[in-house]
Amino acid sequence: MSEPKKGPLYISNTLTRKKEEFVPLRPPHVGLYVCGPTVYSDVHLGNVRTFLSFDTVYRWLTFLGYKVRYVRNITDVGHLVGDVDEGEDKIAKRARLEQLEPMEIVQKYTNGFHDVMRLFNILSPSIEPTATGHLIEQIGMVERIIASGYGYEANGSVYFDVPRFAEKHAYGELSGRRIDELLSNTRDTEGMEEKRSPLDFAIWKKAEPQHLMKWPSPWGEGFPGWHLECSAMSTKYLGQTFDIHGGGMDLKFPHHECEIAQSVAADGHAPVRYWMHGNMLTVNGRKMAKSEGNGFTPEELLTGNHKLLEKGYSAMTVRFFMLQSHYASTLDFSNAAMQAAERGLERLMAAMDLLDQLKPGASDGADIPALEQRCYDAMNDDINTPVMIGELFEGVRIINSVNDGKVSLTPSSLVKLKDLMRSMVHDVLGLQREAAKASDDGAMDGLVQEFIRMRAEAKARKDYAAGDAIRDRLAALGIILKDTKEGTTWSRA
RNA sequence: GGUCGCGUGGCCGAGGGGCUAGGCACAGCUCUGCAAAAGCUGCUACUGCGGUUCGAAUCCGCACGCGACCUCCA
């Protein structure tokens, strides 16, 4: 048995549509950028999935030994609202509704976002830059785009000249679009009359007098365009070319396509070497989205207080549920699937609880290095968490068998098993025992122990009816008794 | 309408030319006073129709069904 090898990592590059070996630009450093939330409302579970997917990428890169700079932005400059409130800033709109300052809205939902990230044990990025904090950089980028000839001013706004850019560069490469097809498919959008081509997009937008979030610029009072912040901030913190850019599938076009165009126009470099796109969370086969009314917030999820939820589910259950599918596949939410995940996670965590009490033996009844290698291989194959979880359940079987005395492991193999299970389950998958149930104080335990003792006495005199009655009544209260060789243990249902 | 993708067992979900994925559920067995837990065993599937191949769930074509993007969206 040779020592398990940690690399190399292969990831599906959505730019080339191929699985490629990941080779960082400047090892051991890795630059990772992920498009963060727009903080004008609560995040829903679909948003969580994307951040969880890239949390896993971040954790795995870190596990492989890379020094990762993970940048995930906060979009706190509103994007334009499409139909009803033409030209109005999303955040400003919300602010008027709630009689709050725009930055108050931003703060409120940023806090909420952070709470959700913590709830799901999603790690903080290395840098979390805000769009409003990088106006200088964004204005600078607009200037560079104008200087390169791919941006033009019109009535206080600045637009990106897509057809001109496409003459010399591959606009549409990422999303598989073609200029002529796009042109035949255009709809009327805001600012149409100022644009030279319907494909052009705003990189700086003139603010109307009533607009709340606006800043001075060489083109007058305004605010940065839809796609600019990510380009400006990724360039600032990761360089003109960096390793990995992630985001939800729905951002591929136009957002990421525009990012590429902006960077190429401004600095002459394709910004990203590996593009990764997480797929959507669906409900009854349909994308979870605010507009569909099929989204629920983490709070509704936890309490089960939503018409789509039969009951509440813990954050860790959701995390496990999501990790059981590949990040690039759509994942359908259903109560049946959640309940299956709940039970599966419980079995996994119960085995983790046994780890400390396992006793080593004289021989090896299981090949731990082989298991370890299979775990690494799964993750190195495009972050295949479902396959790794499958392997971890092999670990669960070994743990339980060792605990039952049916399988023996030498001291060194046992240490390897513990290290492997802990690093994969806790560090890589980010699964933790839920703390909620641990709030019992000593009195509670003492009380239950008293019942356990009464039941033991009943059992000792073969009064099983009385013993079972105690167990049943406690069960009705949510206290589960388990008879083991070492005595009776209890837990909450 | 255009582009891309998907269709796997009772359910969820990997895989993706020959090799048991895994989880949940269900059934049987072992262990238990009985439960529970755990272990073992069983249930062995790839939308349909053609084609390529010694061999196809996996490749190709067509059909049907579904979805995403084309507009803010994770």
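In what follows, chains are A, B, ... by sequence order, proteins preceding strands, each numbered from 1.
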- Message: I'd like the P distance from B/G39 over to B/A25, given in whole Å.
- Response: 13 Å

- Task: Look at all strands and tell whether A/Phe253 reaches a base, only sugar-phosphate, or nothing, counting heavy atoms closer than 4.0 Å.
- Result: sugar-phosphate

- Message: Please classify the nucleic acid contact of A/Arg471 as base, sugar-phosphate, or nothing, using heavy-atom distances under 4.0 Å.
- Response: base

- Mate of B/G16 where both pairing distances stay under 3.5 Å, Watson-Crick or G-U: none

- Task: Whole angstrom is fine here: how far is it from CH2 in A/Trp226 over to C1' in B/C70?
- Result: 13 Å

- Send over the distance from A/Asn279 CG to B/G13 P, rounded to a whole Å. 12 Å

- Task: Find the distance A/Ile399:CD1 to B/G39:P and express it as a whole number of Å.
- Result: 10 Å

- Partner of B/C59 under the Watson-Crick or G-U wobble criteria, both distances under 3.5 Å, comes out as B/G51

- Select from A/Pro37 and A/Ser325 the residue whose nearest nucleotide in RNA chain B is closer to the 5' end of that strand. A/Ser325

- Picking from B/C12, B/C73, B/U71, which would you name as closest to the side chain of A/Phe321? B/C12

- Item | Distance between C1' atoms of B/G9 and B/U47 (Å, rounded) | 14 Å

- Across the strands shown, which category fits A/Ile480 at heavy-atom distances under 4.0 angstrom: base, sugar-phosphate, nothing? nothing

- Among B/C69, B/A14, B/A38, the nucleotide that comes nearest once only the side chain of A/Asn400 is considered: B/A38

- Message: I'd like the C1' distance from B/U20 over to B/C54, given in whole Å.
- Response: 24 Å

- Selection from B/G33, B/G23, B/A37 that lies nearest to any side-chain heavy atom of A/Gln324: B/G23

- Item | Same-atom distance (C1') from B/C59 to B/C46, integer angstrom | 15 Å

- Under 4.0 angstrom, heavy atoms only, what part of the nucleic acid is A/Arg455 near: base, sugar-phosphate, or nothing? base

- Message: Rounded to whole Å, please give me the gap between CG in A/Asn335 and P in B/C12.
- Response: 13 Å

- Compute the ring centroids of A/Tyr274 and A/His245, then answer whether they are less than 6.0 Å apart. no

- Query: Do you know which of A/Thr385, A/Asn279, A/Asp382 makes side-chain hydrogen bond (donor to acceptor under 3.5 Å, both in side chains) with A/His326?
  - Reply: A/Asp382

- Item | Charged N-O contact under 4.0 Å between A/Glu346 and A/Arg433 | yes

- Task: Look at the side chain of A/Lys406 and the base of B/C40, then say whether one donor and one acceptor between them are separated by less than 3.5 Å.
- Result: no

- Item | Sidechain N-carboxylate O distance under 4.0 Å for A/Glu450, A/Arg453 | yes

- Message: Under 4.0 Å, counting only non-hydrogen atoms across every strand here, what does A/Gly278 touch: a base, just sugar-phosphate, or nothing?
- Response: nothing

- Task: Take the protein atom NE2 of A/His255 and the nucleotide atom P of B/C70, then report the distance between them rounded to whole Å.
- Result: 13 Å

- Would you say the base of B/A74 and the side-chain of A/Arg49 have a donor-acceptor pair closer than 3.5 Å? no

- Query: Base, sugar-phosphate, or nothing for A/Leu281, non-hydrogen atoms under 4.0 angstrom?
  - Reply: base

- Are the aromatic ring centres of A/Phe51 and A/Phe113 under 6.0 angstrom apart? yes

- Just say parallel, tilted or perpendicular for the rings of A/Tyr58 and A/Tyr70, cut-offs at 30° and 60°. tilted

- Message: Suppose you measure atom C1' in B/A14 against the same atom in B/G48; what distance do you get, rounded to whole Å?
- Response: 24 Å

- Query: Across the strands shown, which category fits A/Lys462 at heavy-atom distances under 4.0 angstrom: base, sugar-phosphate, nothing?
  - Reply: nothing

- Rounded P spacing from B/U44 to B/G50 in Å: 25 Å

- Item | N/O (side chain, A/Arg343) to phosphate O (OP1/OP2, B/C12) under 4.0 Å | no

- Message: Below the 4.0 Å mark, does B/C69 have OP1 or OP2 next to a side-chain nitrogen or oxygen of A/Lys287?
- Response: yes

- Compare the minimum distances between each of B/C69, B/G33, B/U3 and the side chain of A/Asp468, then state the nucleotide with the smallest one. B/G33

- Message: Classify A/Met338 by what it touches in the nucleic acid, base, sugar-phosphate, or nothing, heavy-atom distance under 4.0 Å.
- Response: nothing

- Could you say whether A/Arg177 or A/Tyr327 is positioned toward the 5' end of RNA chain B, judged by the nucleotide with the nearest heavy atom to each? A/Tyr327

- Task: Please determine, for the side chain of A/Asp483, which listed nucleotide (B/A35, B/G39, B/G23) has the closest atom?
- Result: B/A35

- Query: Under 6.0 Å between the ring centres of A/His134 and A/Tyr237?
  - Reply: yes

- Query: When the P atoms of B/U3 and B/C62 are considered, how many whole Å apart are they?
  - Reply: 13 Å

- Item | Separation of atom CZ in A/Arg286 from atom C1' in B/C6, rounded to whole Å | 15 Å

- Message: Would you measure the distance from the C1' atom in B/C24 across to the matching atom in B/C19 and give it in whole Å?
- Response: 26 Å

- Message: Whole angstroms only, please: what is the CE-C1' distance between A/Met352 and B/A37?
- Response: 18 Å

- Item | Sub-6.0 Å ring centroid separation between A/His256 and A/Trp275 | yes

- Message: So if I take every side-chain heavy atom of A/Asp332 and compare against B/G33, B/C73, B/G13, which nucleotide ends up nearest?
- Response: B/G13

- Crowded around A/Arg422 CZ? As in, over 12 foreign heavy atoms under 6.0 Å? yes

- Message: Let's see if you can work this out: which of B/U3, B/C12, B/A74 has an atom nearest to the side-chain heavy atoms of A/Phe51?
- Response: B/A74

- Contact class for A/Ser329 (heavy atom, under 4.0 Å): base, sugar-phosphate, or nothing? sugar-phosphate

- Task: Would you please confirm or rule out a distance under 4.0 Å between OP1 or OP2 of B/A37 and any side-chain N or O of A/Arg347?
- Result: no

- Any idea which of B/G39, B/C73, B/G33 is nearest the A/Asp250 side chain? B/C73

- Closest to the side chain of A/Arg397, out of B/C40, B/A74, B/A35, is B/C40

- Note on the structure: Closest to the side chain of A/Asn384, out of B/A68, B/A14, B/G39, is B/A14

- Quickly work out the A/Asn73 CG to B/A74 P distance and round it to whole Å. 11 Å

- With a 4.0 Å cut-off on heavy atoms, is A/Met280 in touch with a base, just the backbone sugar-phosphate, or nothing at all? base

